[in-house]
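Below, all heavy atoms of this structure are taken into account, side chains as well, without hydrogens, waters or symmetry copies. Keep in mind the model is a prediction, meaning the values are calculated, not measured. Lettering of chains follows the sequences in order, A, B, ..., and the numbering in each one begins at 1.
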Number of protein chains: 2
Amino acid sequence: MSAITERRERERAQRHQLIITAARELAETEGWEAVTTRRLAERVEYSQPVLYSHFNGKEAIMRAVALEGFGELAALLRAAQPGGLRAVAGAYLAFAAERPALYQAMFVLPTDVKFAHAETPPALRACFDAFVGCFAAGHPRRELFAEVSWGALHGIAALAENGRIPPEGQADRLDVLVTQFAGG
Amino acid sequence: MSAITERRERERAQRHQLIITAARELAETEGWEAVTTRRLAERVEYSQPVLYSHFNGKEAIMRAVALEGFGELAALLRAAQPGGLRAVAGAYLAFAAERPALYQAMFVLPTDVKFAHAETPPALRACFDAFVGCFAAGHPRRELFAEVSWGALHGIAALAENGRIPPEGQADRLDVLVTQFAGG
DNA sequence: GAGTCAATTCTAGCAGTGCTAGACATCCTG
DNA sequence: CAGGATGTCTAGCACTGCTAGAATTGACTC
């Protein structure tokens, strides 16, 4: 009995992850507008209602995908940490450029995820902390600088992603941004 | 005959503008997700197909709204021009905060409007030029600096708008941004 | 004025969306 | 092997953007 329910829960958890992965892959190959509950259900080889037994709706699935993204981004930024702001910022822009759909779920699409809040997911907080760590410990407005440099990077990334800025100039923009902020 | 067709064209142009205004108002009061062709048609007191005789679909209506926004933003930025980067950046953030839906149509939602291109609408180019004008005429990388400072502002505005950053800290962020860029 | 005809506007409907109630099947328990 | 809970699916709702073809309007000719 206990063994059976355990197995069931294991299978359920597997399917849970399968849905997240399928949604992410679909979004990364065809964009979020192509991620419909019907296509997603077909992809995981279950009917639509199964999705709703795992998630509280489509938005919840996207939130789960975004959460996965926060974990990956945090790892990348932490790895770049020793290289200072230039390396962290470069890693950030590379992440945004290489996984546009994932980045969109994390930072562009409407979300319920709490930012700068007590309930902020640890992975997300770790991302922010990577930026904070780029400024000296004694810096009087350390958090503020982290926030602004992150925001600035996001602007560059977002505009490039939706075609408002030519993507090929990102390296130059990164250089300007880092130079202006590292000097302060 | 000519007088009649002229009157008809006049009425048609009026209705054209009515649709744009209605879409904008609806978006500004309830958000773009509330702007459906049915609700918009009801608002202008015509049936849905009329919308399609004026615009090539919902996206075209949003593009028209965005274009209106570019004109207004350009006027605001030009007026702030004498105050330098601080004034221009402040006007930009104020615009984004006061007309979030309009700003979203201009810079966040998918669009076909050409940026940094031969077909770029004059109003949009004027917005960019306002940023360029904030840097000395002899500045070696004038356009690049304009691009990056605009991008940085967009990041701050976008993150604040969708709840990723507490909106009450915008003044401090603006201060940091301007200080770092005006110094270069 | 009455009739004709073109331009305009609307009704009705298509294929798609997110989501859900209730029927159905499956599997464990006694 | 029957009973019952668990899980899954079918079918459908109200909505979306969009459009074909019917209906109406209104300007022009006789």
From CG of Leu51(A) across to P of dC19(C) the rounded distance in Å is 10 Å
For this session: Give a yes or no on whether Glu45(B) atom CD has more than 12 heavy-atom contacts from other residues, nucleotides or ligands under 6.0 Å away.
Result: no
Value for CG (Leu93(B)) from CD (Glu98(B)), rounded to nearest 0.5 Å, stands at 10.5 Å
Electrostatic pair Glu72(A)-Arg24(A), nearest N-O below 4.0 angstrom:
yes
Exactly one of Phe95(A), Tyr92(A), Tyr103(A) clears ring pair (Phe, Tyr, Trp, His ring centres under 6.0 Å) with His154(A), and that residue is Tyr103(A)
5' to 3', nucleotides 6-17 of chain D under a 4.0 Å protein heavy-atom cut-off (B base, S sugar-phosphate only, - none) gives --SBB-B---BB
Trp32(A) atom CH2 is separated from dG18(C) atom C1', nearest whole Å, by 15 Å
In whole angstroms, the gap separating P of dG18(C) from CG of Asn56(A) amounts to 15 Å
Residues pairing under ring pair (Phe, Tyr, Trp, His ring centres under 6.0 Å) where one sits in residues 21-55 of chain A, two or more places apart or in two chains, turn out to be His16(A)-His54(A), His16(A)-Phe55(A)
Between CZ of Phe55(A) and P of dG18(C) the distance, given in whole Å, is 15 Å
**Message:** If you take the centroid of each ring, where Trp contributes its six-membered ring, are Phe128(A) and Phe70(A) closer together than 6.0 Å?
**Reply:** no
Should we count CD of Gln17(A) as having more than 12 external heavy atoms under 6.0 Å?
yes
In short, the helix from dG1(C)-dC30(D) to dG30(C)-dC1(D) is bent end to end, axes from five pairs each side, to 10°, by 30°
Q: Return yes when atom CD of Glu59(B) has more than 12 non-hydrogen atoms of other residues, nucleotides or ligands closer than 6.0 Å, and no otherwise.
A: no
Whole-Å distance, Glu42(A) CD to dG18(C) C1', equals 17 Å
